[in-house]
Amino acid sequence: MKKVKVLLLAVVAAVVTGCGTTSTVPITGRKQNLLVSDEQVLSLSNQQYQEYMKSARPSVNAANTAMVKRVGQKLAQAVVSYLQSNGMAGDVSQYQWEFNLVQDQNVNAFCMPGGKIVVYEGLLPVTQTEGALAIVLGHEIAHAVARHSAERLSNQVKQQYGSQILGTVLSGAGASTNVQQISSTVFGLGSSLGAAAYSRSQESEADHLGLIFAAMAGYDPQAAVPFWQRMASASGGGSSLFSDHPSDAKRIANIQGWMPEAMTYYRGGSTPAVSSPNTTTPSSSGTMKTIHIPTKK
């Protein structure tokens with residue numbers, strides 16, 4: 001706990017000592033001003049993730065667990081290959097990919113910075129296919145690659161401390177408590193949903209990147225549209241998954257707008273699809289093979 005407080009104080013101190021660093025999000029090219037380093041964010045998130053996993057119940061469904069890990073690793077391999085091929089090899093070292101399926105009937109999934117991804121069993125009856133699961137996992141991986149947690153943490157520190165930040169740093173214990181609360185909000189593991197509340201612009205960016213990441217991994221990005229239509233039906237028009245996202249209708253419209261770009265990756269454009277044995281592949285008609293989700297006994 002002492003280490004956590006020291007790191008949290010360092011986050012606050014960063015606002016006092018400088019203006020942070022400028023980072024560029026891959027593919028979209030958006031510029032970010034980050035007040036925290038990858039090392040600080042990873043240390044904080046890993047500790048919260050370990051606490052979450054102590055209370056989580058891993059799925060006992062071996063087939064579904066293997067599917068989540070298979071699809072996740074295929075996506076991770078494609079993303080790492082893209083980063084290495086586009087001058088971002090230095091970013092790869094921060095990722096330690098881990099994909100888990102847990103016993104929770106909420107329709108949800110989340111990713112911690114550094115590549116720790118959790119899928120809830122309640123999501124699988126809605127994804128139905130490996131292709132749709134790849135869309136969700138691509139979105140979650142995108143949050144990590146785009147450093148959305150670091151950006152959110154930086155923004156919250158600035159908003160909550162502002163001109164009083166120097167006094168907060170000097171107060172010691174008060175800073176530790178307050179910034180730790182900010183950290184819990186950013187990473188979101190203290191909430192019932194177990195997911196960070198990103199801004200709508202970040203969620204849309206993750207939709208965009210996730211669509212392309214899925215295509216890079218050899219999954220048809222067009223699986224995204226029927227998946228989100230199923231989500232809309234399952235939730236009565238208001239998705240429980242990623243509640244801060246744009247509406248289902250807005251998301252689908254955005255995805256359709258990004259589809260021509262995503263299809264260039266899927267069809268072997270600037271980034272060839274990564275092949276892997278024992279994974280779902282599109283049929284000649286372009287549709288994805290449906291995966292049967294066994295019912296829990």
Side-chain angles (χ1 to χ4, degrees), residues 11 20-46 48-49 72 75-99 109-118 134-158 183 185-189 195-217 219 221 224 241-246 250-251 254-255 257-258 261-262 265 270-271:
V11 171
T21 61
T22 299
S23 177
T24 301
V25 178
I27 297 176
T28 67
R30 184 174 65 86
K31 301 295 184 182
Q32 304 165 298
N33 180 245
L34 304 179
L35 303 176
V36 293
S37 68
D38 290 336
E39 290 76 15
Q40 290 170 325
V41 173
L42 291 175
S43 181
L44 291 171
S45 66
N46 284 341
Q48 289 213 0
Y49 173 75
L75 280 158
Q77 182 183 356
V79 170
V80 167
S81 177
Y82 172 82
L83 294 175
Q84 290 176 331
S85 300
N86 288 272
M88 293 172 279
D91 294 345
V92 173
S93 61
Q94 69 174 292
Y95 302 116
Q96 295 182 350
W97 303 104
E98 185 176 318
F99 300 89
F110 68 86
C111 177
M112 297 293 285
K116 300 294 191 292
I117 294 176
V118 173
I135 295 298
V136 175
L137 293 182
H139 173 103
E140 294 303 331
I141 288 172
H143 278 310
V145 172
R147 292 182 169 90
H148 284 162
S149 289
E151 186 175 31
R152 179 167 160 76
L153 182 55
S154 299
N155 290 339
Q156 290 228 345
V157 168
K158 286 187 291 186
S183 173
T185 301
V186 169
F187 298 131
L189 291 183
Y198 296 108
S199 70
R200 289 194 174 187
S201 62
Q202 289 174 328
E203 296 292 3
S204 291
E205 186 170 61
D207 281 347
H208 184 182
L209 293 175
L211 195 70
I212 291 174
F213 290 164
M216 287 179 180
Y219 292 101
L241 178 62
F242 317 136
S243 59
D244 283 345
H245 276 212
K250 178 64 174 176
R251 168 181 282 106
N254 288 339
I255 286 172
W258 297 318
E261 177 188 8
Y265 290 89
S270 58
T271 302

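Computed from a predicted model, the values in this text were never measured in an experiment.
With a 4.5 Å cut-off on side-chain heavy atoms, Asp207 and Asn254 do not count as touching. Looking only at side-chain heavy atoms (C-beta outward), Gln84 and Val92 come within less than 4.5 Å of each other. The shortest side-chain heavy-atom distance between Leu83 and Pro26 falls under the 4.5 Å cut-off.
Atom CD1 of Ile135 sits about 12.5 Å away from atom CD of Glu140, to the nearest 0.5 Å. Here SG of Cys111 is found 6.5 Å from CH2 of Trp97. Values are rounded to the nearest 0.5 Å. In this structure, CG on Leu211 lies 8.5 Å from CD on Glu261, to the nearest 0.5 angstrom. Note: Met112 CE to Tyr49 OH = 9.0 Å, rounded to the nearest 0.5 Å. Atom CG of residue Leu34 and atom OG1 of residue Thr22 lie 8.0 Å apart, to the nearest 0.5 angstrom. Distance check: Gln48 CD to Ser43 OG gives 11.0 Å after rounding to the nearest 0.5 Å.
Across all their heavy atoms, Gly138 and Phe213 have their closest contact at O-CD1, 3.8 Å. The nearest pair of heavy atoms linking Gly72 to Ile141 is O-CD1, 4.4 Å. Taking both residues in full, the closest heavy atoms of Ala215 and Ala262 are given as CB-O, 3.4 Å, listed atom of the first, atom of the second, then distance. Closest approach of Gly115 to Ala144, counting heavy atoms only: N-CB, 4.4 Å. Taking each heavy atom of Leu209 and Ala146 in turn, the nearest pair found is CD1-CB, 4.0 Å.
Checking side-chain atoms of Ser93 against main-chain N and O of Gly90 turns up a donor-acceptor pair under 3.5 Å. The backbone N or O of Ser199 lies less than 3.5 Å from a partner atom in the side chain of Gln202, making a donor-acceptor pair. Under a 3.5 Å cut-off, the side chain of Lys31 and the backbone N or O of Val25 do not form any donor-acceptor pair. Side-chain atoms of Gln40 come within 3.5 Å of backbone N or O of Ser37 as a donor-acceptor pair. Using modelled atom types, one side-chain atom of Ser154 and one backbone atom of Leu35 make a donor-acceptor pair closer than 3.5 Å. The backbone N or O of Gln77 lies less than 3.5 Å from no partner atom in the side chain of Ser81, so there is not a single donor-acceptor pair.
In this pair, His139 and His143 present their aromatic rings perpendicular. The plane angle is above 60°, beyond the 30 to 60° band. Using cut-offs of 30° and 60° for the angle between ring planes, the His208 and Trp258 rings count as parallel.
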Walk me through whether Val145 and Tyr95 qualify under side-chain contact (heavy atoms from CB on, under 4.5 Å).
CA-CA 9 Å; Val145 172; Tyr95 302 116; 3.7 Å; yes
side-chain contact (heavy atoms from CB on, under 4.5 Å) evaluation trace for Phe110 with Lys116
CA-CA 8 Å; Phe110 68 86; Lys116 300 294 191 292; over 6 Å; no
Does the pair Glu205 and Arg200 meet the rule for a salt bridge (Lys or Arg N to Asp or Glu O under 4.0 Å), with working shown?
CA-CA 9 Å; Glu205 186 170 61; Arg200 289 194 174 187; over 6 Å; no
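Evaluation of the salt bridge (charged side-chain N to carboxylate O under 4.0 Å, His left out) test over residues 76-99, restricted to residues two or more places apart or in two chains, returns Asp91-Arg147.
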